[in-house]
Amino acid sequence: MSSKLHFYNTISRKKEEFIPANPPFVGMYVCGPTVYGDAHLGHARSAITFDIVFRYLKHLGYKVRYVRNITDVGHLENDADYGEDKIAKKARLEQLEPMEVVQYYKDRYHREMDALNNNRPSIEPQASGHIIEQIAMTEKLLENGFAYVSEGSVYFDVEKYAASHHYGKLSGRKIEDLQSNSRDLDGQSEKRSPLDFALWKKASPEHIMRWPSPWSDGFPGWHIECSVMSSKYLGNSFDIHGGGLDLLFPHHECEIAQSVGANGEEPVRYWLHNNMITLNGQKMAKSLGNTIMLHEFFSGDNELLDQSYDPLTIRFFILQAHYRSTLDFGNEPLQAAQKGYSKLKTALASARSLSIEWKPESDEVTALINKWSDECAAAMNDDMNTALTIATLFDMASYINGLKNVQEKRIPSKAQFEEIINIFAAYFEDVLGLGSESTGSQNVEVLDDVMDVLLELRTTAKENKDYGTADAIRDKLKAIGVTIMDGKDGADWQVDA
RNA sequence: GGUCGGGUGGCCGAGCGGUUAGGCAGUGGUCUGCAAAACCAUCUACAGCGGUUCAAAUCCGCUCCCGACCUCCA
């Protein structure tokens, strides 16, 4: 196998071979959620995308430290909400402590990400726990002459920085264009240039989330937490920075400017951005009011949804598209995903319990195994083309299912079949995270025994041509979500997704 | 307006110079007491118009649509 891992690096706009700075260690930072509301499908796509990076790098043998922040200090809002901290606003609305709101949504976020089978990051730092470091970095930027104090707030001086560095290198923006396009926002009089962004913001009197600083009682700016927490846990220069495409500008551009301005080092070697999920061709966003919350998918409780969807169906749906493409949501595609996913899951389960007459090892089967193994690796290595990996898994599933047919000639040896299962499981479960966790082993065993009893009764009924009873057993089980499948040698069953 | 990215068969989606992508749906079979599942076979494509090339969904140009960012956002 000759293919090597390549990522599309946003900053160079090309696929590049991934070579960590300090192998076998890899540092990855991903922009996490603002915990003042529930997660929607877009949050799921980002989390799943970088969970795949995390899992695949580990699969390749790297030691990965995955840092994903929790934003809990709030940021400025425009319009009527100008100057008000998002979390504080919500808190007043609900008469809760701000940190109580944070805790509530953080817990829900974790539960939903767990349900999607995302591995937890290695470190999940909160912005509120790094105020001291954010103040320190702001001081460093003031010292280095890239920031200025104005009315108790501190701003990054973009023009000053741009005189000696390339501001816009990530997003491909030109500073002249930005200047001519900038809009008039309130509070810009404090800034020397509309392009400047806040490092520290003085809190208005009604703003309850606030911390003391050398400049004012206030709160950190929007971008500084990521620069601070990534360098704290991964170093001034680290391998991978991930996030949604919508964060490219200004957020990630500002992160580069801040880090370079403070530390004099280019912070990130590979920039990875996942694309958006669209609904009727438009992206899902809070501001557009067309978001569907994750818990609504799980419960089906949204008028846009025909039914509820299993979290792993959502995961599969997302992985069937490449992470850099937009993915259009719909009930029909989601239902297609549900069936396809179920097919793969069932194929793996039946492979694990398959017993047929094995043949001696054959070159033909060995060639197949090598082909599948290479295809899976090549697909993942090519900028994580999970859609292609899944296509290979479908090939393997067809082969596995076909082994029961008498006309199948390519019967493997026992060892070869075990290798096939290992490859399938390595990608399906470990890399793509699509294996469903078996819950409560003891209950499962009891259920197995109970089902054996029922199937035995039904078989007896069938032998007596008592199809009424046989069908009644099948129908009633179907009604509670268990499907009976009659086969050549006995019946099989599965719990519906 | 500026800067990017798209338009693939009934639906979703890979591919980005020569090979069946794949899934779901449809059709015809096999199997089955019936069903389900599974397997086999099969049908719909590359927005339009030009150009480059032995060869273009894939490269170039134009046209028409659509989206993203520039503002909190995955």
Side-chain angles (χ1 to χ4, degrees), chain A residues 13 30-34 36-37 39-50 74-79 81 86 168 171-174 176-178 180-183 185 222 242-251 273-278 281-288 291 316-317 320-322 324-344 346-347 350 375 379 382 385-395 397-408 462 465-467 470-471 474-475 478 483-488 491-492 494:
Chain A
R13 289 165 198 275
V30 174
C31 292
T34 302
Y36 71 97
H40 59 258
L41 244 203
H43 292 101
R45 166 109 103 154
S46 176
I48 289 169
T49 298
F50 295 103
H75 297 300
L76 296 181
E77 292 187 352
N78 353 333
D79 306 327
D81 300 324
K86 274 181 182 172
S171 57
R173 258 155 245 264
K174 294 194 178 67
E176 311 85 68
D177 295 339
L178 290 168
S180 59
N181 282 320
S182 64
R183 302 200 306 185
L185 294 171
W222 175 30
L245 199 51
D246 51 347
L247 295 176
L248 214 173
F249 189 88
H251 185 55
H273 290 94
N274 65 279
N275 215 138
M276 307 292 108
I277 287 184
T278 56
Q282 268 207 319
K283 77 161 180 168
M284 284 192 183
K286 243 165 256 157
S287 53
L288 297 171
T291 54
F316 182 80
F317 171 69
Q320 266 195 305
H322 186 93
R324 281 191 293 112
S325 301
T326 54
L327 171 59
D328 203 36
F329 155 83
N331 279 289
E332 202 186 334
L334 226 33
Q335 281 153 17
Q338 184 178 51
K339 289 189 184 173
Y341 173 54
S342 160
K343 188 172 180 175
L344 290 181
T346 307
S350 70
E375 277 177 5
D382 185 13
N385 195 329
T386 53
L388 273 182
T389 310
I390 288 171
T392 297
L393 292 180
F394 274 111
D395 272 2
S398 290
Y399 172 79
I400 290 165
N401 290 331
L403 288 176
K404 289 173 226 155
N405 291 7
V406 280
Q407 61 269 40
E408 177 60 60
K462 279 170 67 180
K465 301 235 190 290
D466 178 6
Y467 295 121
D471 289 352
R474 188 172 62 194
D475 293 347
K478 183 74 196 170
T483 302
I484 302 285
M485 294 158 296
D486 288 331
K488 263 247 148 52
D492 205 356
Q494 69 175 51

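Residue numbering restarts at 1 for every chain, and letters A, B, ... go by the order of the sequence lines. The figures here come from the full heavy-atom set of this structure, side chains too, leaving out hydrogens, waters and symmetry mates.
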Report yes if a side-chain nitrogen or oxygen of S325(A) is closer than 4.0 Å to either non-bridging phosphate oxygen (OP1 or OP2) of rG6(B); otherwise report no.
no
Any side-chain N or O of N385(A) under 4.0 Å from OP1/OP2 of rG15(B)?
yes
If you measure from the [atom1] atom in [N] to the same atom in [M], how many Å do you get, rounded?
| N | M | atom1 | answer |
| --- | --- | --- | --- |
| rG67(B) | rA55(B) | C1' | 33 Å |
| rG10(B) | rG1(B) | P | 34 Å |
| rA14(B) | rA21(B) | P | 15 Å |
| rG5(B) | rA38(B) | P | 41 Å |
| rC65(B) | rG48(B) | P | 15 Å |
| rC64(B) | rU27(B) | P | 41 Å |
| rC4(B) | rU42(B) | P | 46 Å |
| rC34(B) | rC66(B) | C1' | 49 Å |

Backbone of G42(A) reached by a side-chain donor or acceptor of S46(A) within 3.5 Å
no
Applying ring pair (Phe, Tyr, Trp, His ring centres under 6.0 Å) to H251(A) and not counting sequence neighbours gives W222(A), H223(A)
When the distance from [atom1] of [X] to [atom2] of [N] is rounded to whole Å, what number comes out?
| X | N | atom1 | atom2 | result |
| --- | --- | --- | --- | --- |
| K462(A) | rC34(B) | NZ | C1' | 10 Å |
| E176(A) | rU3(B) | CD | P | 11 Å |
| L178(A) | rC4(B) | CG | P | 12 Å |
| R13(A) | rC69(B) | CZ | C1' | 11 Å |
| D492(A) | rU32(B) | CG | P | 18 Å |
| D328(A) | rC11(B) | CG | P | 12 Å |
| K404(A) | rA36(B) | NZ | C1' | 13 Å |
| I484(A) | rU32(B) | CD1 | C1' | 15 Å |

Heavy atoms only: give me the nearest K343(A)-F394(A) pair and the separation to one decimal.
CD-CE2, 4.1 Å
Heavy atoms from C-beta onward define the side chain here; which of [options] lies closest to that of [X]?
| X | options | value |
| --- | --- | --- |
| F249(A) | rA14(B), rG33(B), rC69(B) | rC69(B) |
| D246(A) | rC69(B), rA14(B), rC34(B) | rC69(B) |
| A391(A) | rC12(B), rG22(B), rC70(B) | rG22(B) |
| R173(A) | rC70(B), rG67(B), rC34(B) | rC70(B) |

What contact category does [X] fall into here, base, sugar-phosphate, or nothing, at under 4.0 angstrom with non-hydrogen atoms?
| X | result |
| --- | --- |
| R45(A) | nothing |
| L41(A) | nothing |
| L247(A) | sugar-phosphate |
| G42(A) | base |
| H322(A) | sugar-phosphate |

Salt bridge (charged side-chain N to carboxylate O under 4.0 Å, His left out) with K174(A): which residues, sequence neighbours excluded?
none
Hey, what do you get for [atom1] ([X]) to [atom2] ([Y]), rounding to the nearest 0.5 Å?
| X | Y | atom1 | atom2 | answer |
| --- | --- | --- | --- | --- |
| L393(A) | L388(A) | CG | CG | 11.0 Å |
| T326(A) | M276(A) | OG1 | CE | 9.5 Å |
| T49(A) | R324(A) | OG1 | CZ | 11.5 Å |

Is the shortest heavy-atom distance from the side chain of T389(A) to the side chain of T392(A) under 4.5 Å?
no
Less than 4.5 Å apart, any side-chain heavy atom of D328(A) and any of P333(A)?
no
Return yes if the base of rA36(B) and the side-chain atoms of R474(A) contain a donor-acceptor N/O pair under 3.5 Å, otherwise no.
no
Can you find a donor-acceptor pair, distance only, under 3.5 Å between D395(A) side chain and rG22(B) base?
no
Output yes when K478(A) and D475(A) qualify as a salt bridge under the 4.0 Å nitrogen-oxygen rule, no when they do not.
no
Any strand counts, and the cut-off is 3.5 Å on both contacts for Watson-Crick or G-U wobble. Which nucleotide pairs with [N]?
| N | result |
| --- | --- |
| rU27(B) | rA41(B) |
| rC54(B) | rG18(B) |
| rU32(B) | none |
| rC70(B) | rG1(B) |

If you assign each of G172(A) and D471(A) to its closest nucleotide in RNA chain B, which residue comes earlier from the 5' end?
G172(A)
Let me know, please, whether L248(A) or C31(A) comes out on the 5' side of the other along RNA chain B by nearest nucleotide.
L248(A)
Heavy-atom protein contacts under 4.0 Å, nucleotides 23-28 of chain B, coded B base, S sugar-phosphate only, - none:
SSS---
